[in-house]
Protein chains: 2
Amino acid sequence: MSGHARQHPTIKDVAERAQVSPATVSSVLRANKNVSDISRQKVLEAIEALGYRPNRLAQALRTQRSRTVGLIIPDITNPFYADIAQGATDQARESGYGLFLMTACESETALRQAAEELVQRQVDGLLLTSVGLDYAITPWQLDKVPYVLVNRYAKTAVADYVGIDNRSGAQEVVRFLHGLGHRRIAFIGGLPHSSASRDRLEGFYAAMQELDLTLSPLHIGFADLQYDKAMKLVQSMLQTEPRPSAVFAADDMMALGAWEGAQSVGVRVPQDLSIVGFDGIWSTAWAGIQLSTVVQPRYELGRLAVSLLHERIQGLTSPARVRLLPYQFMARRTTAAAPIDSVRSIN
Amino acid sequence: MSGHARQHPTIKDVAERAQVSPATVSSVLRANKNVSDISRQKVLEAIEALGYRPNRLAQALRTQRSRTVGLIIPDITNPFYADIAQGATDQARESGYGLFLMTACESETALRQAAEELVQRQVDGLLLTSVGLDYAITPWQLDKVPYVLVNRYAKTAVADYVGIDNRSGAQEVVRFLHGLGHRRIAFIGGLPHSSASRDRLEGFYAAMQELDLTLSPLHIGFADLQYDKAMKLVQSMLQTEPRPSAVFAADDMMALGAWEGAQSVGVRVPQDLSIVGFDGIWSTAWAGIQLSTVVQPRYELGRLAVSLLHERIQGLTSPARVRLLPYQFMARRTTAAAPIDSVRSIN
DNA sequence: GTGAAAGCGCTAACAA
DNA sequence: TTGTTAGCGCTTTCAC
């Protein structure tokens with residue numbers, strides 16, 4: 001007997017009203033056991049009448065399952081991550097999970113803190129898209145919380161990984177630019193310690209070498225995935241002599257920044273400078289933009305990551321899986337044949 | 001004695017190792033009571049040694065506070081909501097809350113379900129940015145979960161509201177276009193049942209009237225905040241005769257779609273057609289875009305919403321508050337003086 | 001300053 | 001089929 005002016009009705013209140021035991025109510029709730037139709041009916045009525053809502057926290061405490069996954073992304077404001085997040089939430093809902101969101105800017109400690117809090121909140125699993133993984137991940141190798149890596153993997157981490165073949169994507173871009181007559185191709189990297197950035201850089205190098213293109217040290221730099229930094233970097237690259245005829249940025253944000261940088265110093269895109277991005281965020285397809293880029297299946301990446309995580313949560317113990325999804329290079333309006341002088345300089 | 005091969009150490013394990021009672025450990029954890037330095041020391045050491053992490057779920061169950069807020073947005077993929085979400089997560093973290101994310105596409109039942117689940121998960125408060133509010137909100141008027149409305153308010157809901165003065169923002173846009181010589185201004189609305197869309201439409205009407213401008217019924221329509229729909233809508237608007245010389249879209253996404261629509265039928269922006277958006281998502285400022293728009297303080301909206309919510313959770317009972325933040329109209333590259341024939345047609 | 005005991009709301013044996 | 005009991009991990013009186 002505990003029912004006067006309490007906040008929310010509990011399973012006990014329901015039991016009382018339905019004249020059954022709490023255990024029976026619980027059974028009805030989980031639609032699982034053998035409960036007589038008569039009891040079930042009474043319980044259902046009581047639930048309805050009382051406006052009862054199960055307390056998921058109590059359930060979780062008891063069952064040791066919160067039916068919650070944690071998602072850590074650097075920045076929800078970045079459309080690339082937003083798309084992944086959308087895929088993740090959708091798949092999570094369909095699999096019966098709630099989604100806890102944490103943003104951890106690109107720092108190891110932030111990632112660590114976020115993961116720590118998520119673990120304390122008893123998430124059943126973790127989705128990690130952030131950097132700093134190499135170091136920060138080790139701790140919860142020990143804990144039993146399964147996790148899957150999205151877009152960036154970590155050398156030390158033995159966990160499922162979902163992404164694309166960044167290396168070959170980057171190669172394809174360089175080959176395409178080469179085919180357009182470009183010989184001086186600049187590269188703007190993202191975060192040097194992100195596997196995705198590293199792989200793209202590697203692919204870039206490999207293709208340059210394969211095509212016998214030389215690379216000026218002035219034509220390579222990193223802009224931390226930041227629009228502004230890429231803008232400034234390109235401005236300075238365009239001061240060099242001979243200047244690049246094409247810029248390949250390791251992500252769309254930087255490519256867009258590069259574009260603004262070029263425009264700000266009177267260099268026309270694509271006539272004077274071709275620009276290629278990476279990721280294929282939606283805005284690259286807009287009428288005013290039409291950025292050439294490598295389109296990743298971002299939404300599907302998010303979905304797939306949750307599926308794999310779900311399997312792990314269910315107890316799957318197979319060795320770490322790697323799932324590489326197909327990407328697609330899209331040549332759009334920011335790439336054109338290299339300017340004459342550029343080609344001549346090679347012949 | 002309960003400690004062989006258990007998953008995670010509990011407060012009991014810590015107590016045992018530190019040779020104190022669980023109650024003492026708890027006191028140390030919350031840095032609150034009178035605990036002797038000697039005990040505290042022992043406890044801290046035990047925590048360290050065992051790698052103990054408090055179980056936030058158990059804490060929540062006991063204290064009836066989950067230190068969690070729920071955020072419901074239509075679509076995390078929409079930069080406008082992403083910015084709000086970022087502000088919300090940041091402020092939430094600073095206030096000691098975790099953030100549960102749910103997306104509920106623009107439907108009443110989806111919103112209802114999302115809120116329902118969040119309540120079951122015992123969030124301390126709710127942030128609502130979705131539509132369908134008028135109907136769906138009523139239920140948890142009854143429950144004790146406080147909530148605040150962001151960007152859209154509901155007539156029936158008596159709750160804190162955070163937004164901007166959409167009506168006057170829209171008026172400002174029309175006046176600006178009028179000043180540029182535009183006389184035939186089309187309007188693309190978002191969701192008719194969203195307060196934000198309604199207010200913008202209202203402001204549009206008011207200004208048109210105030211300036212003695214007539215409005216063809218062919219020059220007004222709704223595109224559900226969708227890029228594609230706006231694109232098609234504008235295509236058909238441009239078939240009308242006389243056609244509009246300016247389009248005012250109730251959100252940036254639609255403005256961008258309108259742009260593509262115009263381009264697809266050979267109408268130049270801004271020479272033949274001026275376009276204005278609303279919200280001021282970041283991409284409108286990019287080099288390739290430069291969309292004229294009404295810039296909302298999206299990030300601050302998200303932050304403020306959480307602050308207000310926090311106060312409510314603390315027990316504040318003052319009547320519903322309305323917080324209107326300043327906006328800023330930015331005339332950029334998609335607006336220009338009306339074409340000659342357009343002006344002439346008025347004189 | 002500290003510990004024993006009760007209980008948050010629920011589920012899972014086990015008995016009946 | 002149903003109810004009783006114990007307890008998930010924690011906090012919180014209330015004695016001592």
Side-chain angles (χ1 to χ4, degrees), chain A residues 1-3 6-43 46-47 50-68 119-124 143-144, chain B residues 1-3 6-43 46-47 50-68 119-124 143-144:
Chain A
M1 220 121 313
S2 54
R6 233 229 268 61
Q7 289 282 56
H8 303 291
T10 76
I11 207 172
K12 229 165 151 181
D13 301 318
V14 175
E16 222 164 76
R17 188 178 224 272
Q19 319 234 60
V20 297
S21 78
T24 305
V25 178
S26 178
S27 297
V28 172
L29 243 56
R30 285 163 306 126
N32 97 7
K33 287 249 212 96
N34 355 17
V35 182
S36 69
D37 282 347
I38 179 85
S39 298
R40 165 169 295 110
Q41 207 46 48
K42 287 195 292 182
V43 169
I47 286 178
L50 262 33
Y52 165 79
R53 299 176 214 280
N55 182 330
R56 307 278 251 110
L57 253 42
Q59 289 181 168
L61 182 61
R62 183 58 235 240
T63 61
Q64 306 284 53
R65 275 266 127 117
S66 65
R67 302 228 128 256
T68 294
V119 169
Q120 291 186 183
R121 287 186 184 275
Q122 310 297 119
V123 295
D124 293 335
D143 276 7
K144 290 303 179 215
Chain B
M1 217 121 314
S2 54
R6 234 231 267 59
Q7 289 281 55
H8 304 292
T10 77
I11 207 172
K12 229 164 152 183
D13 301 318
V14 175
E16 222 164 76
R17 188 178 225 272
Q19 319 235 59
V20 297
S21 77
T24 304
V25 177
S26 177
S27 297
V28 171
L29 244 54
R30 283 163 310 126
N32 101 5
K33 289 251 211 96
N34 356 15
V35 181
S36 69
D37 283 348
I38 180 86
S39 297
R40 166 170 294 111
Q41 207 46 48
K42 286 194 293 181
V43 168
I47 288 179
L50 262 33
Y52 166 78
R53 301 174 213 278
N55 181 331
R56 309 277 251 109
L57 252 43
Q59 289 181 168
L61 181 62
R62 182 57 236 239
T63 60
Q64 305 285 52
R65 277 265 125 115
S66 64
R67 303 228 127 258
T68 294
V119 168
Q120 291 185 183
R121 286 185 185 276
Q122 309 297 117
V123 296
D124 293 336
D143 276 8
K144 290 304 177 213

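In the text below, chain A, chain B and the rest are named by the order of the sequence lines, each starting its count at 1.
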Value in whole Å for how far the C1' atom of D:dT1 lies from CD of A:Q41: 17 Å
statement: Contacts of A:S26 meeting side chain to side chain contact (heavy atoms under 4.5 Å, CB included) (sequence neighbours excluded), chain-then-number -> A:I11, A:R30
- request: Report yes if at least one side-chain N or O of A:Q64 is closer than 4.0 Å to OP1 or OP2 of C:dT11; otherwise report no.
  value: no
message: For a quick test of reading the model: is some side-chain N or O of B:Q59 closer than 4.0 Å to OP1 or OP2 of D:dT11?
response: yes
query: Under 4.0 Å between a side-chain N or O of B:R30 and OP1 or OP2 of D:dT12?
result: yes
query: When the distance from NE2 of B:H8 to C1' of D:dC10 is rounded to whole Å, what number comes out?
result: 15 Å
query: A:S36 has a side chain; which of D:dT1, D:dG9, D:dT12 sits nearest to it?
result: D:dT1
- prompt: Can you check the B:R56 CZ to D:dG9 P distance for me, whole Å?
  reply: 17 Å
message: Assuming nearest nucleotide by heavy-atom distance, tell me which of B:V25 and A:S39 is located more 5' along DNA chain D.
response: A:S39
Interatomic distance where CD1 belongs to A:I47 and C1' belongs to C:dG9 [whole Å]: 14 Å
- prompt: Would you say the side chains of A:R121 and B:T68 form a donor-acceptor pair under 3.5 Å?
  reply: yes
message: Please pick, from D:dT11, C:dC10, C:dT2, the nucleotide with the shortest atom-to-atom distance to any side-chain atom of A:T10.
response: C:dC10
task: Compare side-chain N and O positions of A:T24 against OP1 and OP2 of D:dG3 and report whether any pair is under 4.0 Å apart.
output: yes
Given D:dC10, D:dT12, C:dG9, the nucleotide with the shortest approach to the side chain of B:L61: C:dG9
statement: CD (A:Q122) and CZ (B:R53) are apart, to the nearest 0.5 Å, by 10.0 Å
- line: Of the candidates C:dT2, C:dG9, D:dT12, the side chain of B:S26 sits closest to D:dT12
message: In whole Å, I'd like the distance from the CZ atom of A:R65 to the P atom of D:dG9.
response: 14 Å
Any side-chain heavy-atom pair of A:R40 and A:D37 under 4.5 Å: yes
- request: Ignoring the backbone of B:N55, work out which of C:dG9, D:dT11, D:dG9 is nearest its side chain.
  value: D:dG9
task: Could you check how far CG of B:D37 sits from P of C:dT2, rounded to whole Å?
output: 10 Å
- prompt: Do B:S27 and B:T24 have a side chain donor and acceptor closer than 3.5 Å?
  reply: no
Taking only N/O atoms, report every protein-nucleotides 4-6 of chain C pair under 3.5 Å with atom names and distance.
none

- prompt: Roughly, in whole Å, what's the span from CG in B:L57 to P in C:dT11?
  reply: 13 Å
- line: When rounded to whole Å, the NZ to C1' distance for the pair B:K12 and D:dT11 reads 15 Å
- prompt: Is B:R53 near enough to D:dG9 that one of its side-chain N or O atoms lies under 4.0 angstrom from OP1 or OP2?
  reply: no
- prompt: What heavy-atom pair brings B:P9 and B:G51 nearest, and what distance separates the two atoms?
  reply: CG-O, 4.1 Å
Inter-residue atom distance A:N55.CG - B:L61.CG, 0.5 Å rounding: 6.0 Å
message: Can you list everything that forms a side-chain hydrogen bond (donor to acceptor under 3.5 Å, both in side chains) with A:S36? Sequence neighbours excluded, please.
response: A:S39
